[in-house]
**Q** 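Would you mind keeping the following structure in view while I ask a few things?
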Amino acid sequence: MNLTNIGTVKDILSRHGFSFSKGLGQNFIINPDICPKIAEYGNACKGFGVLEIGTGIGVLTAELAKRADKVAAVEIDERLLPILAETLADFDNVKIINEDVMKCDLHRLIDEEFKGLHVAVCANLPYYITSPIIMMLLESRLPIESITVMVQKEAAQRLCAKVGSRESGAITVGVNYYGTVKKLFDVSRGSFMPAPNVDSAVMRIDINKEQRLDEESEKFFFKVVKAGFSQRRKTLANSLSSVMGIPKERVYSALKSQGLPEAARIEQLDMEKLIAVSAELMEQ
Ligand code: SAM
């Protein structure tokens with residue numbers, strides 16, 4: 001079944017009485033060039049199990065299933081299940097899990113579905129929840145090797161930004177702490193049905209094997225990072241004292257030991273300084 005043929009897609013959707021949910025970020029890929037490229041760049045190949053987030057009608061799922069040993073796909077919208085039963089009928093290596101990915105036990109899922117396989121994540125992410133999903137995947141320390149995702153332009157810019165720049169955010173720190181990120185290719189808004197208002201890009205995050213901080217320090221580090229970016233226009237001392245209750249004097253002293261002014265904002269700290277300031281605050 002050609003899931004990028006507009007006539008075919010319209011026919012399936014109307015036979016199942018399906019209407020797009022904007023709230024769930026449902027923009028399905030109809031450009032035939034995109035999904036094979038995501039699957040190939042995204043490690044969908046022999047020896048790999050691929051976790052997909054958000055199947056839509058299965059256009060990417062099918063490309064992943066053609067190449068990988070196994071695909072486990074988490075999709076929140078139960079109205080898509082009868083459609084997927086039809087569109088993915090030819091594959092016996094796909095498991096659909098009808099859950100909210102943010103509430104799903106992904107460690108267990110990977111353990112159960114991908115025994116003995118390398119694991120990669122591939123997805124055309126719902127735009128309303130892009131950063132929380134990427135952050136959750138990273139912070140859960142799942143046994144995954146890469147995350148290859150389509151995101152909207154603004155999210156792509158944040159992901160590609162330099163830590164310690166105005167364009168950075170908590171997600172920038174997240175991807176650079178846990179791995180390395182690169183943009184693979186741009187995708188125009190016309191590649192989707194319905195077409196969104198902005199263009200997108202496909203990004204790949206390769207996950208580091210080694211852990212930079214112990215678990216406790218890592219948790220504290222990301223609390224500091226999220227608190228700092230939740231009030232990015234304030235000084236770091238102000239945001240950490242209001243969000244985490246850390247006395248400003250303690251923040252001043254941690255900043256000073258890194259040669260930073262008391263008025264420093266989080267977006268002025270590069271990765272090494274962020275880690276050092278967080279370590280000092282944790283010790284005090
Ligand atoms: N992969 C399909 C494609 O490329 O055509 C669909 C991508 S569409 C941008 C995002 C998909 O994620 C939708 O099918 C939507 O229902 C699903 N979704 C939205 N929120 C979700 C969540 N919290 N957990 C799992 N799936 C979700």
Side-chain angles (χ1 to χ4, degrees), residues 1-6 8-10 12-13 16 18-42 44 50-68 71-88 91 94-106 109 120-137 140 142 147-156 184-203:
M1 196 178 293
N2 182 353
L3 298 177
T4 53
N5 178 292
I6 297 183
T8 309
V9 175
K10 282 189 172 158
I12 299 170
L13 296 181
H16 288 270
F18 182 86
S19 55
F20 292 96
S21 159
K22 210 174 171 188
L24 289 176
Q26 291 180 338
N27 302 96
F28 299 164
I29 299 172
I30 46 154
N31 176 337
D33 299 335
I34 309 295
C35 293
K37 271 168 89 176
I38 297 180
E40 270 153 35
Y41 279 121
V50 179
L51 171 66
E52 189 193 6
I53 297 159
T55 58
I57 63 167
V59 62
L60 175 59
T61 324
E63 294 301 326
L64 299 172
K66 279 183 205 167
R67 294 166 173 83
V71 177
V74 183
E75 169 56 58
I76 198 170
D77 188 349
E78 66 178 355
R79 298 173 308 150
L80 289 165
L81 301 184
I83 298 181
L84 293 165
E86 190 179 326
T87 57
L88 300 174
F91 298 99
V94 178
K95 167 138 187 194
I96 307 291
I97 300 101
N98 181 209
E99 273 184 52
D100 177 345
V101 72
M102 298 302 286
K103 296 187 183 147
C104 190
D105 183 345
L106 295 177
L109 180 70
V121 175
C122 288
N124 171 17
L125 289 177
Y127 70 93
Y128 74 99
I129 195 178
T130 298
S131 292
I133 291 177
I134 296 176
M135 224 40 194
M136 175 277 288
L137 292 171
S140 314
L142 297 166
I147 302 174
T148 304
V149 280
M150 170 112 68
V151 300
Q152 291 197 337
K153 208 172 160 187
E154 198 186 325
L184 299 175
F185 57 93
D186 291 312
V187 178
S188 71
R189 64 196 78 180
S191 300
F192 302 90
M193 182 160 97
N197 295 326
V198 289
D199 296 326
S200 292
V202 175
M203 316 289 298

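Start at 1 and go down the list; that is how both ligands and their atoms are numbered.
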**Q** To which protein heavy atom is atom 3 (C) of ligand 1 closest, and what is the distance rounded to 0.1 Å?
**A** N124 ND2, 3.6 Å
**Q** Taking C-beta and beyond as the side chain, do V59 and N124 meet within less than 4.5 Å on heavy atoms?
**A**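 No, their side chains stay 4.5 Å or more apart.
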**Q** Identify the closest protein heavy atom to atom 27 (C) of ligand 1: which residue and atom is it, and at what distance?
**A**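 Result for atom 27 (C) of ligand 1: I76 CG2, 3.5 Å.
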**Q** Measure the distance from atom 16 (O) of ligand 1 to every protein heavy atom, then report the residue, atom name and distance (to 0.1 Å) of the closest one.
**A**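 Result for atom 16 (O) of ligand 1: E75 OE2, 2.7 Å.
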**Q** Number the atoms of ligand 1 from 1 as they appear, then name those within less than 4.0 Å of a heavy atom of L80, with their elements.
**A** 14 (O)
**Q** So for ligand 1, is I29 a polar contact partner (N or O within less than 3.5 Å, distance only)?
**A** yes
**Q** Looking only at protein heavy atoms, identify the closest one to atom 24 (N) of ligand 1 and say how far it is in Å.
**A**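 For atom 24 (N) of ligand 1, the nearest protein heavy atom comes out as V101 N, 3.0 Å.
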**Q** Nearest 0.5 Å please: distance from the OG1 atom of T8 over to the CG atom of L13.
**A** 10.5 Å
**Q** Could you check atom 19 (C) of ligand 1 against the protein and tell me its nearest heavy-atom contact, residue, atom and distance included?
**A** L24 O, 3.2 Å
**Q** Of all heavy-atom pairs between G56 and L84, which one has the smallest distance, and what is that distance?
**A**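 Heavy atoms of G56 and L84 come nearest at O-CD2, 3.5 Å.
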**Q** Taking the side chain as every heavy atom from C-beta outward, state whether E63 and C122 have any pair of such atoms under 4.5 Å apart.
**A**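 Result no, sub-4.5 Å side-chain heavy-atom pair not found.
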**Q** What part of I133, side chain, backbone, both or neither, has a heavy atom within less than 4.0 angstrom of ligand 1?
**A** neither
**Q** Going by side-chain hydrogen bond (donor to acceptor under 3.5 Å, both in side chains), name the pairs with one or both residues in residues 125-134, residues two or more places apart or in two chains.
**A**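 Output for this query is empty, none listed.
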**Q** Would you mind finding which of S21, A123, G25, G23 brings a heavy atom closest to atom 9 (C) of ligand 1?
**A** G25
**Q** Side chain or backbone, does L60 bring an N or O within less than 3.5 Å of an N or O on ligand 1?
**A** no
**Q** Given P132, C104, S191, G54, which one has a non-hydrogen atom that is nearest to atom 11 (C) of ligand 1?
**A** G54
**Q** Heavy-atom distances under 4.0 Å are what count here, so tell me which part of E52 touches ligand 1: side chain, backbone, both or neither.
**A**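 The answer is the side chain of E52.
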**Q** Is there side-chain contact between N27 and P194, with heavy atoms separated by less than 4.5 Å?
**A** yes
**Q** Give the C-alpha distance, both sets of side-chain angles, the deciding distance and a yes or no for side-chain hydrogen bond (donor to acceptor under 3.5 Å, both in side chains) between S188 and D186.
**A** CA-CA 7 Å; S188 71; D186 291 312; over 6 Å; no
**Q** With heavy atoms of G56 as the reference, note each atom of ligand 1 found under 4.0 Å away.
**A** 2 (C), 6 (C), 14 (O)
**Q** Could you identify the single nearest non-hydrogen protein atom to atom 2 (C) of ligand 1 and state the distance to 0.1 Å?
**A** T55 O, 3.2 Å
**Q** By number and element, which atoms of ligand 1 are closer than 4.0 Å to a non-hydrogen atom of D100?
**A**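 In order of numbering, the contacting atoms are 22 (C), 23 (N), 24 (N).
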**Q** Does a side-chain heavy-atom distance below 4.5 Å link L80 with Q26?
**A** yes
**Q** Check whether any side-chain heavy atom of L88 lies under 4.5 Å from a side-chain heavy atom of V71, and answer yes or no.
**A** no
**Q** Find the distance between CG (L3) and CD1 (I30) and round it off to the nearest 0.5 Å.
**A**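 Rounded to the nearest 0.5 Å, the CG-CD1 separation comes out at 12.0 Å.
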**Q** Could you tell me which atoms of ligand 1, counted from 1 in the order shown, lie closer than 4.0 angstrom to a heavy atom of V74?
**A**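 This gives 25 (C), 26 (N) as the contact atoms.
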**Q** With atoms numbered from 1 as shown, which atoms in ligand 1 lie under 4.0 angstrom from a non-hydrogen atom of E99?
**A**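 Reading through ligand 1 atom by atom, the close ones are 24 (N), 25 (C).
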**Q** For the residue pair D77 and R79, what are the closest heavy atoms and their distance?
**A** OD2-NH2, 2.7 Å
**Q** Is a donor on one side and an acceptor on the other found under 3.5 Å between the side chain of T87 and the backbone of I57?
**A**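 Side chain of T87 to backbone of I57: a pair is present.
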**Q** Looking at ligand 1, does any of its N/O atoms fall within less than 3.5 Å of an N/O of L125?
**A**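 No, there is no polar N/O contact under 3.5 Å.
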**Q** Is it the side chain (CB and beyond), the backbone, both or neither of Y128 that lies under 4.0 Å from ligand 1, heavy atoms counted?
**A**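 It is the side chain that touches ligand 1; the backbone stays farther off.
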**Q** Quick one: list whatever passes side-chain contact (heavy atoms from CB on, under 4.5 Å) with P82, sequence neighbours left out.
**A**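 Checked P82 against side-chain contact (heavy atoms from CB on, under 4.5 Å); matches are H16.
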**Q** With heavy atoms only and a cut-off of under 4.0 Å, state how V59 meets ligand 1: side chain, backbone, both or neither.
**A**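 For V59, the contact with ligand 1 is made by the side chain alone.
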**Q** If I apply the N/O under 3.5 Å rule, does D77 come out as touching ligand 1?
**A**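 No, D77 has no N/O under 3.5 Å of an N/O on ligand 1.
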**Q** Regarding ligand 1, does Q26 bring an N or O atom to under 3.5 Å of one of the ligand's N or O atoms?
**A** yes
